[in-house]
Each structure stands twice: as structure tokens, then as C-alpha cells.
Amino acid sequence: MWSIVLMGLAGLLVGGALSFRQQRKPLWTQISFYVLAGMSLLAAYLLTLPGN
């Protein structure tokens with residue numbers, strides 16, 4: 001359940017980064033959104049791994 005939510009969040013963050021790129025916002029905002037999206041996808045993947 002949470003992995004699906006995190007994947008959706010990653011999609012929204014990537015969309016926000018692309019929107020900031022189109023609006024010619026500073027590069028650090030785009031990079032931070034991409035990094036947060038990557039972290040969200042990583043967390044979603046880690047939640048799918050079997051526990052001990």
C-alpha cells in the first residue's frame with residue numbers, strides 16, 4: 001500500500017521538476033525535486049523487500 005503511495009509521490013515530484021524547468025526556475029529546485037523523487041522510489045522499493 002505505502003509503496004504505491006510513494007510511487008505516486010515520485011511521479012508528482014518529477015512532474016513538478018519538469019514544470020519548474022518549463023518555467024525557467026533555478027536549477028537547484030529542479031535537482032532537489034528529482035532527488036526527492038529518487039528517494040521516494042528507493043523507499044518504495046525497500047518497502048517491497050521481504051522482512052526478516
Side-chain angles (χ1 to χ4, degrees):
M1 169 67 185
W2 283 109
S3 61
I4 295 171
V5 172
L6 287 170
M7 284 186 235
L9 176 65
L12 288 174
L13 287 168
V14 168
L18 292 174
S19 175
F20 282 150
R21 181 179 182 187
Q22 198 172 34
Q23 295 174 23
R24 307 267 197 266
K25 296 293 181 184
L27 185 62
W28 66 269
T29 56
Q30 299 169 35
I31 293 173
S32 63
F33 269 57
Y34 284 126
V35 167
L36 288 173
M39 289 172 60
S40 179
L41 286 176
L42 179 65
Y45 171 71
L46 291 175
L47 283 174
T48 62
L49 295 176
N52 287 335

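Bear in mind that the values here come from a model prediction, so they are computed numbers and not experimental data.
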Are any of the side-chain heavy atoms of Val14 and Phe33 separated by less than 4.5 Å?
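No. Closest side-chain heavy atoms not under 4.5 Å.
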
Return yes when atom CD1 of Ile4 has more than 12 non-hydrogen atoms of other residues, nucleotides or ligands closer than 6.0 Å, and no otherwise.
no

Taking all non-hydrogen atoms of both residues, which atom of Ala37 and which atom of Leu13 are closest, and how far apart?
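Reported closest heavy-atom pair: N-CD1, 3.7 Å.
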
Contact summary for Ala10 and Ser40, nearest pair of heavy atoms
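Distance-wise, the nearest heavy atoms are N-OG, 3.8 Å.
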
Of all pairs that satisfy side-chain hydrogen bond (donor to acceptor under 3.5 Å, both in side chains), the ones with a partner from residues 5-18, not counting sequence neighbours:
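Listed once each, the pairs would be none.
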
Criterion side-chain contact (heavy atoms from CB on, under 4.5 Å) against Tyr45, the qualifying member of Leu49, Leu41, Leu47
Leu49

Compile the donor-acceptor pairs under 3.5 Å between side chains in residues 15-28 and protein atoms, sequence neighbours left out, one pair per line.
residue: Ser19; atom: OG; partner: Gln23; partner atom: NE2; Å: 3.1

Once rounded to the nearest 0.5 Å, what's the spacing between atom CE of Met7 and atom CG of Leu12?
13.5 Å

